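Just so it is clear, the model here is predicted, and its values are computed rather than measured.
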Amino acid sequence: MKARVTVTLKTGVLDPQGKAIEGALKSLGIDGVGSVRQGKVFDIELDGANKAVAEAALKAACEKLLANTVIENYRVELVG
């Protein structure tokens, strides 16, 4: 089974990396960029086929390692 975990900064948390990317895009002449928020994506392959168990394991991984839940949100998607 495959999963994708997306981690993003919570609304209101400053994103200096996103600001740097925004500035770089504008300096490259890419027009129409309003703002950029940067995040992380984890593509994870899991053994087994039980979706409920997989989702619970991934949420535990997010809470303990993949996301800093004080400043970040995460989303777990099972894709196969």
Side-chain angles (χ1 to χ4, degrees):
M1 175 180 316
K2 293 183 181 183
R4 175 165 283 175
V5 176
T6 305
V7 179
T8 57
L9 288 170
K10 291 182 177 181
T11 303
V13 175
L14 295 178
D15 186 358
Q17 216 170 0
K19 277 292 196 196
I21 294 166
E22 177 185 327
L25 290 171
K26 288 178 181 178
S27 71
L28 291 171
I30 299 173
D31 296 327
V33 176
S35 67
V36 175
R37 301 279 291 171
Q38 176 265 331
K40 302 178 273 193
V41 174
F42 300 92
D43 289 326
I44 301 172
E45 291 190 31
L46 301 160
D47 295 330
N50 186 322
K51 288 187 176 189
V53 170
E55 191 168 338
L58 289 167
K59 285 183 179 182
C62 289
E63 294 286 332
K64 294 177 183 176
L65 176 67
L66 300 179
N68 176 350
T69 57
V70 173
I71 61 169
E72 295 175 318
N73 293 317
Y74 63 86
R75 183 178 71 243
V76 174
E77 300 173 80
L78 300 176
V79 292

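Criterion: ILVMFWY side-chain heavy atoms under 4.5 Å apart, direct or through other members. Under it, Phe42 and Leu9 are not part of a common hydrophobic cluster. Using a 4.5 Å cut-off between side-chain heavy atoms of Ile, Leu, Val, Met, Phe, Trp and Tyr, with links allowed through other members, Ile30 and Ile21 fall into the same hydrophobic cluster. In the hydrophobic clustering of ILVMFWY residues, with side-chain heavy atoms under 4.5 Å counting as a link, Leu65 and Leu46 come out together.
Annotation for Lys10 and Glu72: closest pair CE-O, 3.5 Å, computed over non-hydrogen atoms. The two residues Glu22 and Val33 have their closest heavy-atom pair at CG-CG1, 4.2 Å. Residue Val79 comes nearest to Ala3 through the heavy atom pair CG2-N, 4.0 Å, listed as atom of the first residue, atom of the second, then distance. Listed here is the closest heavy atom pair of Glu55 and Val76: CG-CG1, 4.4 Å. In terms of heavy atoms, Thr69 sits closest to Glu63 at CG2-OE1, 3.7 Å. The minimum heavy-atom distance between Ser27 and Ala24, with the atom names listed, is OG-O, 2.9 Å.
Open room surrounds CD on Gln17; 12 or fewer heavy atoms of other groups in view lie less than 6.0 Å from it. Residue-environment remark: CG (Leu28) exceeds the threshold of 12 foreign heavy atoms within 6.0 Å.
Taken to the nearest 0.5 Å, the CG atom of Leu58 stands 8.0 Å off from the CG atom of Leu66. Taking CG from Leu78 and CZ from Arg4, the interatomic distance works out to 12.5 Å, rounded to the nearest 0.5 Å. For the atom pair OG1 (Thr8) and CG (Asp15), the distance works out to 10.0 Å, reported to the nearest 0.5 Å.
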Walk me through whether Asn68 and Val13 qualify under side-chain contact (heavy atoms from CB on, under 4.5 Å). CA-CA 12 Å; Asn68 176 350; Val13 175; over 6 Å; no
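For Arg37, there are no side chain to side chain donor-acceptor pair (under 3.5 Å) partners two or more places apart in sequence or in a different chain.
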